[in-house]
Each structure stands twice: as structure tokens, then as C-alpha cells.
Peer 1: 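If you scroll down you'll find the structure; I have some questions about it.
Residue numbers count from 1 along this sequence. Predicted model, so just to flag it, every value in this text is computed and none were measured.
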Amino acid sequence: MELRDNFHRVIDYMRISITDRCNLRCIYCMPSGGVRPIEHREILSYEEIARVVKVAAALGVRKVRITGGEPLARKNVSFLVSSLKGIPGIEDMSLTTNGILLEKYARELSGAGLDRVNVSLDSLRPQRYREITRGGEIGFVMRGIEAAEDVGLTPVKMNMVPIRGMNDGEIEEFARMTLSTPRHVRFIEFMPIGARELWSDDRYISSDETRAVVEKIGALSPVRARKNGPAKYFRFAGAPGVVGFISALTHHFCADCNRLRLTADGKLRPCLFSETEIDLKPALRNSRSDAELERLLRLSIDVKPEGHNISRRADLESLKTMSKIGG
Ligand code: SAM
Ligand code: SF4
């Protein structure tokens, strides 16, 4: 079974936010006062998430990523991983985390069937890391990455958001990591989502500008992969690791978009940049059949836009924070 949208794209990937809560407060993601959390009873249970994934897998979804908020801040994520991995059709399970609790859970997650992790890390300097995350300790993250590598949750992909005047001086250092380790270092363009206090046009650094800094180290050759999603990947000659660039605002990846998002409170969001959401919770909680869930899943594919119309960064400002949507 293959799920195709109206623009001939195969939809086989679901990103699932399991919580909007977080144990950090990154200054580019959350306002200093935090965001009002979704009430606990509105958050999908693991059983409800598994039911959605079972129906989605029967339709053709093959890959699942667990995210948040901070997914490892929710209890017993390994239980969810093993139940999702056990669903026929699910071939690939990954998780995006800030890494603070990764050392504690890496082995258990791997044992439960997790394949890989993405770790967000925006500075290699302890004091700057503390400032960016409003209190995080980088030692936990570095030990988390090592633990993930030890148990085979690889390749570890590191997400870094370069912001002018904050961590832009570290772009080269991050890229150099790929010369000596098999890590994937991905530079994500800063978006004006959720970070009103920090955002300004001057702080934004385009992927092209980041790439120009990285290329001072040496020439980059494209890495071919069947599906790269929104990232463009490159490698320095002979390097074990990979450098990636993710630009939210250029349209180049809409044509290859293969994903659906499920928010922590049970809404299917066909496009990150559109407020259109389809609420699965009534069907999940009013003992409706799986056929009704299937209808809603198909509906969300039907309304998946061909591309986002955002050409100006200011257009993003009305969107919810990434911690709410599920980054
Ligand atoms: N807490 C986990 C983490 O930090 O990896 C998962 C959720 S977080 C919302 C997912 C990703 O969204 C992170 O890599 C983070 O850097 C990115 N993100 C959050 N706010 C962003 C913004 N305003 N611009 C660009 N990326 C952002
Ligand atoms: Fe939390 Fe991730 Fe947002 Fe940082 S980027 S505040 S770790 S959800």
C-alpha cells in the first residue's frame, strides 16, 4: 500500500510530537515566560498514538520520528518506541532530542528498537550553551551523544541553528567535527517562530551564508541519498561525517515533502507552515472505528498543500512555537 497525495508525492513519514513540555527554554524557541502547556488530559496517550500509527502504517507510512517539546521529558518513551516498532510496516524509528536525558535512556531506547537520534546543540561552549538554553548543562548532552554512539543509535545527527551575534562564530568548529567523526552536522536556518524576543532580521543567517563559512575549510561535494527530506547534504573530501543545510524558506523541498505531523494533542498537520489541522482526538476518544481514523488520515493527505506560500520571514510570525507544533 502506498499513500499518494494530489501532487504525486508518496507520504510515508510521520513526525509525532509526544509532549509540548520541555526541560530547557531555548531562547530562539520559547519565550522567557514559557508557553502555556497543553492540559494533560488533552495529550494523546501512548495507546492512542499507537492506534494512529497502526492505521497510518496500513496506509503506507513506513518511518516515524518522535519529537516534542522534549520527548525524553515524558515518562517511559521506550515503551512507546517498542510498541510503534512492533507495528507491521514501520521500518524506521528515530527521535529528536535536546540530549539532556540521552545518556540515561540511550541503551533502553536502542533496546526498544529505536534506530537513530537527532540531537539539538547550538554551542560547544558551556557558558554560551547555558545562556542559549536558559540553564542547560552541555556535559549531559555530550555524554548523551557518546552514549547514543556507543549503543548504535547512529549516525547521530546534530542540529545547530546559527544566529548572528550568538553562536555564528562556531559554525566552522561544528563543521570541522565531520572531519574526524561520522556525525552529521546540520545547520538549520533560524525562523521567526516562537522567539519574538530574540528575532530580528539582522540575526537571521541564510543557509548560503552559513555554507560560505563552512566552505572556507575546504570544498564540499554533494552526498547523494534517495530521500534527503528538507536537508541538502555534503561532505569534505575523505571526511567520515556529513554537513547538511536546512533552509525553511526556500521552496526547494516542498516537491519532495513526504511527511505528516501529529501534534501532542492529536491533530494531524499536513504542512509545518500551514495552520490547517485535522483533529483525530474526537474519533480516538468517542470509540469510533479505525475506518474513521483512516478517513481522517486520507483527508489530511487530501488537503496537504503543494507548497507553502511563505516568501517573507515575517509571514512565519503568526505560527505557533516549534515546541507546540513538534519540531
Ligand atoms: N526538544 C527537542 C530538540 O530540541 O531537539 C525536539 C523539539 S525542537 C522544537 C526541534 C528542533 O526545532 C530543534 O532542532 C530546534 O533547534 C528547532 N527549532 C526550534 N525553534 C526554532 C526556530 N525558531 N528556528 C529554527 N529552528 C528551531
Ligand atoms: Fe526545548 Fe527543543 Fe525548544 Fe530547546 S528547541 S526549548 S530543547 S523544544
Peer 1: Looking at Asp168 and Gly165, would you say the former's side chain and the latter's main chain have a donor-acceptor pair under 3.5 Å?
Peer 2: yes

Peer 1: Can you name the residues that form a ring pair (Phe, Tyr, Trp, His ring centres under 6.0 Å) with Phe236, not counting sequence neighbours?
Peer 2: none

Peer 1: Is the shortest side-chain heavy-atom distance between Leu280 and Lys267 below 4.5 Å?
Peer 2: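 The answer is no, as the side chains (C-beta and beyond) never meet within the 4.5 Å cut-off.
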
Peer 1: Report all side-chain donor-acceptor pairs from residues 127-137 shorter than 3.5 Å, counting only partners two or more places apart or in another chain.
Peer 2:
unit_1 : atom_1 : unit_2 : atom_2 : d
Gln127 : OE1    : Arg130 : NH1    : 2.6
Gln127 : NE2    : Glu131 : OE2    : 3.2
Arg128 : NE     : Met166 : O      : 3.0
Arg128 : NH1    : Glu170 : OE2    : 2.5
Arg130 : NE     : Glu137 : OE2    : 2.9
Arg130 : NH2    : Glu137 : OE1    : 3.3
Thr133 : OG1    : Tyr129 : O      : 2.6
Thr133 : OG1    : Gly136 : N      : 2.8
Arg134 : NH1    : Arg25  : O      : 2.7
Arg134 : NH1    : Met30  : O      : 3.0
Arg134 : NH2    : Glu197 : OE1    : 3.4

Peer 1: Using side chain to side chain contact (heavy atoms under 4.5 Å, CB included) as the criterion, point out the one residue from Val64, Leu260, Thr263, Thr96 that pairs with Arg15.
Peer 2: Thr96

Peer 1: Identify whether the distance between the nearest side-chain nitrogen and carboxylate oxygen of Glu48 and Lys281 falls below 4.0 Å.
Peer 2: no

Peer 1: Between Arg203 and Asp201, does at least one N-O distance fall below 4.0 Å, as a salt bridge requires?
Peer 2: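 Salt bridge between Arg203 and Asp201, a charged N being under 4.0 Å from a carboxylate O: no.
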
Peer 1: Establish whether Tyr13 and Leu262 are linked, either directly or via other cluster members, by ILVMFWY side-chain heavy-atom contacts under 4.5 Å.
Peer 2: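 Result: no, two separate clusters.
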
Peer 1: Taking the side chain as C-beta and beyond, is there a heavy-atom pair between Val242 and Thr178 under 4.5 Å?
Peer 2: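 No; the side chains remain at least 4.5 Å from each other.
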
Peer 1: Rounded at 0.5 Å granularity, tell me how far CZ in Arg235 sits from CG in Leu179.
Peer 2: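 Output value for this atom pair is 11.5 Å.
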
Peer 1: To the nearest 0.5 Å, tell me how far Glu108 CD sits from Ser78 OG.
Peer 2: 3.5 Å

Peer 1: So how far is it from Ser17 OG to Arg269 CZ, rounded to the nearest 0.5 Å?
Peer 2: 11.5 Å

Peer 1: After noting the C-alpha distance and the side-chain angles of Thr97 and Val119, does the key distance pass the side-chain contact (heavy atoms from CB on, under 4.5 Å) rule?
Peer 2: CA-CA 5 Å; Thr97 171; Val119 181; 4.3 Å; yes

Peer 1: So if I apply the ring pair (Phe, Tyr, Trp, His ring centres under 6.0 Å) rule between His184 and each of Phe234, Phe174, Tyr233, which one comes out positive?
Peer 2: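 Among the candidates, only Tyr233 passes.
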
Peer 1: Could you check whether Arg211 pairs with Glu209 (Lys NZ or Arg NE/NH1/NH2 to Asp/Glu carboxylate O, under 4.0 Å)?
Peer 2: no

Peer 1: Take Arg116 and Asp92 through the test salt bridge (Lys or Arg N to Asp or Glu O under 4.0 Å) and record every step on the way to the result.
Peer 2: CA-CA 9 Å; Arg116 275 167 299 103; Asp92 187 80; 2.5 Å; yes

Peer 1: Hey, are Tyr46 and Asn76 close enough side-chain-wise for a donor-acceptor pair under 3.5 Å?
Peer 2: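 Side chains of Asn76 and Tyr46: no pair found under 3.5 Å.
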
Peer 1: Nearest 0.5 Å, what's the CZ-CG distance between Arg4 and Asp12?
Peer 2: 10.5 Å

Peer 1: Under 4.5 Å between side-chain heavy atoms, hopping through other hydrophobics if needed: is there a path connecting Tyr28 to Ile205?
Peer 2: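 Per the 4.5 Å side-chain linkage, Tyr28 and Ile205 are not co-clustered.
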
Peer 1: Do Glu70 and Thr19 have side-chain N/O donor and acceptor atoms under 3.5 Å apart?
Peer 2: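 Checked: Glu70/Thr19 side chains show no N/O donor-acceptor pair below 3.5 Å.
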
Peer 1: Can you find a side-chain donor-acceptor pair between Ser247 and Glu189 that sits under 3.5 Å?
Peer 2: yes

Peer 1: Answer whether the closest heavy-atom distance between the side chains of Arg259 and Arg261 falls below 4.5 Å.
Peer 2: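 With C-beta onward as the side chain, the pair touches.
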
Peer 1: For Arg298 and Leu59, what are the C-alpha separation, side-chain angles and deciding distance, and is it a side-chain contact (heavy atoms from CB on, under 4.5 Å)?
Peer 2: CA-CA 9 Å; Arg298 286 189 186 278; Leu59 291 175; 3.1 Å; yes

Peer 1: Is there a side-chain contact between Asp20 and Asp265, using heavy atoms and a 4.5 Å cut-off?
Peer 2: no

Peer 1: Checking side-chain contact (heavy atoms from CB on, under 4.5 Å) for the pair Leu296/Glu292: CA distance, chi angles, key distance, verdict?
Peer 2: CA-CA 6 Å; Leu296 293 170; Glu292 173 64 0; 4.1 Å; yes

Peer 1: Taking Leu24 as the starting point, is it possible to reach Leu72 by hopping between hydrophobic residues whose side chains are less than 4.5 Å apart?
Peer 2: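 Same cluster.
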
Peer 1: Can you see which heavy atom on Leu268 is nearest to which on Ser300, and at what distance?
Peer 2: CD1-OG, 3.5 Å

Peer 1: Below 4.0 angstrom, N of the basic side chain to O of the carboxylate: do Asp115 and Lys85 qualify?
Peer 2: yes

Peer 1: I want to check something: taking the side chain as every heavy atom from C-beta on, are Leu297 and Val55 in contact at a cut-off of under 4.5 Å?
Peer 2: yes

Peer 1: If every non-hydrogen atom of Pro71 is compared with every non-hydrogen atom of Val77, which pair is closest and at what distance?
Peer 2: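 That closest heavy-atom pairing would be O-CG2, 3.2 Å.
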
Peer 1: Quick one, Leu153 and Glu149 - any side-chain contact, counting heavy atoms below 4.5 Å?
Peer 2: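 The answer is no, as the side chains (C-beta and beyond) never meet within the 4.5 Å cut-off.
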
Peer 1: Quick one: list whatever passes ring pair (Phe, Tyr, Trp, His ring centres under 6.0 Å) with Phe187, sequence neighbours left out.
Peer 2: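 By the ring pair (Phe, Tyr, Trp, His ring centres under 6.0 Å) rule, Phe187 matches Phe245.
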
Peer 1: With distance as the sole test, does Arg74 use its side chain to make a donor-acceptor pair with the main-chain N or O of Ile18 at under 3.5 Å?
Peer 2: yes

Peer 1: Looking at every non-hydrogen atom in both residues, tell me the closest pair between Ala57 and Ile90 and how far apart they are.
Peer 2: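 Looking at all heavy atoms of both residues, the shortest contact is CB-CD1, 3.9 Å.
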
Peer 1: When you measure from the side chain of Ser83 to the backbone N and O of Leu80, does any donor-acceptor pair fall under 3.5 Å?
Peer 2: yes

Peer 1: Compare all side-chain heavy atoms of Leu198 with those of Ile163 and state whether any distance is below 4.5 angstrom.
Peer 2: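 The answer is yes, as the side chains (C-beta and beyond) meet within the 4.5 Å cut-off.
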
Peer 1: Run the side-chain contact (heavy atoms from CB on, under 4.5 Å) check on Arg125 and Glu173 step by step: do they pass?
Peer 2: CA-CA 11 Å; Arg125 315 247 187 287; Glu173 203 174 329; 3.0 Å; yes

Peer 1: I'd like to know if Arg51 and Glu47 make a salt bridge, using a cut-off of under 4.0 Å between side-chain N and carboxylate O.
Peer 2: no

Peer 1: Kindly give the heavy-atom pair with the smallest separation between Ser180 and Pro240, and that separation in Å.
Peer 2: C-CG, 3.9 Å

Peer 1: Can you tell me how far CG of Asn159 sits from CD1 of Ile246, rounded to the nearest 0.5 angstrom?
Peer 2: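 With rounding to 0.5 Å, CD1 (Ile246) is 6.0 Å from CG (Asn159).
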
Peer 1: Minimum heavy-atom separation for Val81 to Ala112, with atom names?
Peer 2: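 So the minimum-distance heavy-atom pair works out to CG1-O, 3.7 Å.
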
Peer 1: Any side-chain donor-acceptor pair under 3.5 Å between Asp202 and Ser200?
Peer 2: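 No donor-acceptor contact under 3.5 Å links the two side chains.
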
Peer 1: What residue among Lys157, Lys63, Arg65 forms side chain to side chain donor-acceptor pair (under 3.5 Å) with Ser94?
Peer 2: Arg65

Peer 1: Any Lys/Arg nitrogen of Arg143 or Glu146 sitting under 4.0 Å from an Asp/Glu carboxylate oxygen of the other?
Peer 2: no

Peer 1: Determine, for Arg107 against Asp150, whether the closest basic-nitrogen to carboxylate-oxygen distance falls under 4.0 angstrom.
Peer 2: no

Peer 1: Any chance you could measure Leu121, atom CG, to Asn98, atom CG, to the nearest 0.5 Å?
Peer 2: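 The CG atom of Asn98 is 10.0 Å from CG of Leu121, to the nearest 0.5 Å.
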
Peer 1: Mark yes or no for whether Arg62, through its side chain, and Glu91, through its backbone, hold a donor-acceptor pair below 3.5 Å.
Peer 2: no

Peer 1: Heavy atoms, side chains only, cut-off 4.5 Å: are Val223 and Lys232 in contact?
Peer 2: no

Peer 1: Minimum heavy-atom separation for Asn167 to Asp122, with atom names?
Peer 2: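 Looks like ND2-O, 2.8 Å.
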
